[in-house]
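Here's the structure, in structure tokens; my notes come after.
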Amino acid sequence: MTWILKKHFDGFPKESNFELKEEVLPELRDGDVLVETVYLSLDPYMRSLSKMWIKEGDVQYGTQLAKVVKSKDPAFPEGCYVVANCGWRTHSVTKAKGPAGPIMTRIVSEWPSDISMSLALGSLGMPGLTGLYGLEEVCKIQPGETILVSAAAGAVGAMVGQICKIKGCKVVGSAGGDDKVAYLKELGFDQAFNYKTVPSLEEALKNASPEGYDCYFESVGGPFFTAALKNMKPGGRIAVCGAIATYNDTAPQMCPYPHHEIITRQLKIEGFMVSSWQHKDEESVKRMLKWMKEGKLKAKEVVTVGFENMPAAFLRMLKGDGLGKAIVKV
């Protein structure tokens, strides 16, 4: 079974944008692998990049944790588990690599039996790696620095905050609910606030760190970004990996032109995608697994059961419902 994108999104997605269809799979040829989906990932990029990546009628793209059930590729024997970019499908016939790069990778052989493999789609997968690379490769954080994290209770933000603490930094998080703020404090954030209830974003940011911020891990865009710029220290670094506050807009948001702040504070702003450091993924996942085994990383998941519930779970994820990484268990 597959979910196709029946109609491109206009504003906030609807369940009617998707259609469930049966798919006839081809026979395996040399180098092919048949995988059976165990978990599917739900992520904001599925909304933001939709019109760039697929056409109406295409299978909705996305990542899954799957089991190899038949194989004509010796590198992927039957019974092994993989992370595969095969879209919203229950079963897929694929090769390990495509024209644009890897389609499928095996999970690390050292994966502990007491850690759910679903985390390969979350804190120990793309979201966790996004946080790690944004901090290490883009911001190049140093012990003692102060880091600001927006959407801090999300799958990426929660990992960013915890990695900051592992590396000896002070971390301030913003989230959209009192329950989420409480969760951030459980994770060890030094300061956290509910951006929906504070009278002024600028004042909330100033109160949380009067001396300002060395780095900002940006995931939301909109007015929060402008407020954050005014609280950056001179020479501050900003890693931009998302703008979820703008994904469902039918008209682009306009904000005050922030050039004065960027120039006078001599800020460095860099957009990035996790795939830029794909060659480091295996070593990075092993490091994060070690931190989790040591109790330095915690993870929550919002699990929806049933492939038929993919669109509904996708909409809940975009609304920010629930605490933790959104996945669907087939």
Side-chain angles (χ1 to χ4, degrees), residues 1-5 15 18 20-21 23 25 33-47 59-71 76-94 96 102-131 153-156 158-159 274-275 281-282 284-286 288-289 292-293 297-330:
M1 299 297 291
T2 68
W3 279 103
I4 66 163
L5 183 68
E15 289 193 45
F18 302 96
L20 185 63
K21 284 195 167 185
E23 183 177 41
L25 296 176
V33 175
L34 170 63
V35 298
E36 182 176 62
T37 304
V38 183
Y39 296 101
L40 288 132
S41 181
L42 295 170
D43 303 282
Y45 78 86
M46 295 174 177
R47 171 63 183 89
V59 175
Q60 172 61 40
Y61 60 86
T63 307
Q64 57 191 239
L65 185 284
K67 183 178 181 179
V68 174
V69 292
K70 288 184 181 179
S71 177
F76 294 88
E78 293 178 13
C80 74
Y81 287 88
V82 297
V83 173
N85 296 313
C86 292
W88 290 13
R89 289 179 162 100
T90 58
H91 297 80
S92 308
V93 171
T94 183
I103 296 172
M104 185 172 60
T105 56
R106 290 181 66 170
I107 67 167
V108 297
S109 56
E110 294 87 348
W111 198 280
S113 60
D114 58 344
I115 293 180
S116 173
M117 283 188 287
S118 61
L119 295 184
L121 298 175
S123 56
L124 301 174
M126 182 275 289
L129 292 168
T130 298
V156 174
M159 289 295 290
V274 67
S275 55
D281 284 357
E282 184 173 354
S284 298
V285 169
K286 288 177 181 178
M288 294 192 293
L289 271 168
M292 186 165 282
K293 292 291 285 183
L297 287 180
K298 298 176 183 176
K300 283 189 182 233
E301 294 179 310
V302 180
V303 182
T304 300
V305 178
F307 184 71
E308 69 278 8
N309 296 316
M310 285 290 292
F314 176 64
L315 303 191
R316 287 195 295 270
M317 179 273 300
L318 288 177
K319 290 175 183 175
D321 291 352
L323 266 174
K325 173 72 179 76
I327 60 170
V328 170
K329 182 179 180 180
V330 178

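Counting begins at 1 with the first residue of the sequence.
- Rounding to the nearest 0.5 Å gives a distance of 5.0 Å between CG of L289 and CH2 of W111.
- Residue K329 places its NZ atom among 12 or fewer non-hydrogen atoms of other residues, nucleotides or ligands, all under 6.0 Å distant.
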(Q) With side chain to side chain contact (heavy atoms under 4.5 Å, CB included) as the criterion, how do V38 and Y81 come out once you've worked through the C-alpha distance, each side chain's angles and the decisive distance to 0.1 Å? (A) CA-CA 9 Å; V38 183; Y81 287 88; 4.2 Å; yes

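- With 3.5 Å as the limit, one finds a donor-acceptor pair spanning the side chains of K325 and S41.
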Q: Show your reasoning for whether side chain to side chain contact (heavy atoms under 4.5 Å, CB included) applies to M159 and L129.
A: CA-CA 9 Å; M159 289 295 290; L129 292 168; over 6 Å; no

Q: Applying side chain to side chain contact (heavy atoms under 4.5 Å, CB included), run through V302 and M317 and close with a yes or a no.
A: CA-CA 9 Å; V302 180; M317 179 273 300; over 6 Å; no

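- Interatomic distance, T90 OG1 to M1 CE, rounded to the nearest 0.5 Å: 7.0 Å.
- For the residue pair Q64/T37, the side-chain donor-acceptor check at 3.5 Å is satisfied.
- In terms of heavy-atom proximity, W3 sits nearest to E308 at CZ2-O, 3.4 Å.
- Atom CD of residue E301 and atom CG of residue L119 lie 4.5 Å apart, to the nearest 0.5 angstrom.
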Q.
Checking K293 against D114 for the side chain to side chain contact (heavy atoms under 4.5 Å, CB included) test, could you report, in this order, the C-alpha distance in whole Å, the side-chain angles of both residues, the deciding distance, and whether it holds?
A. CA-CA 9 Å; K293 292 291 285 183; D114 58 344; 2.9 Å; yes

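- One finds the CZ atom of F76 at 14.0 Å from the CG atom of L34 (value rounded to the nearest 0.5 Å).
- Ring-plane geometry between F18 and W88 is classed as parallel, the angle between the planes falling under 30 degrees on a 0 to 90 degree scale with a further cut at 60.
- In this structure, CG on N309 lies 8.5 Å from CD on E15, to the nearest 0.5 angstrom.
- In summary, of the residues considered (V68, L65, I103), a side-chain contact (heavy atoms from CB on, under 4.5 Å) with V82 occurs for V68 alone.
- Of the N and O atoms on the side chains of S118 and S116, at least one donor lies less than 3.5 Å from an acceptor on the other residue.
- Between G306 and V328, the closest heavy-atom pair is O-CG1, 3.4 Å.
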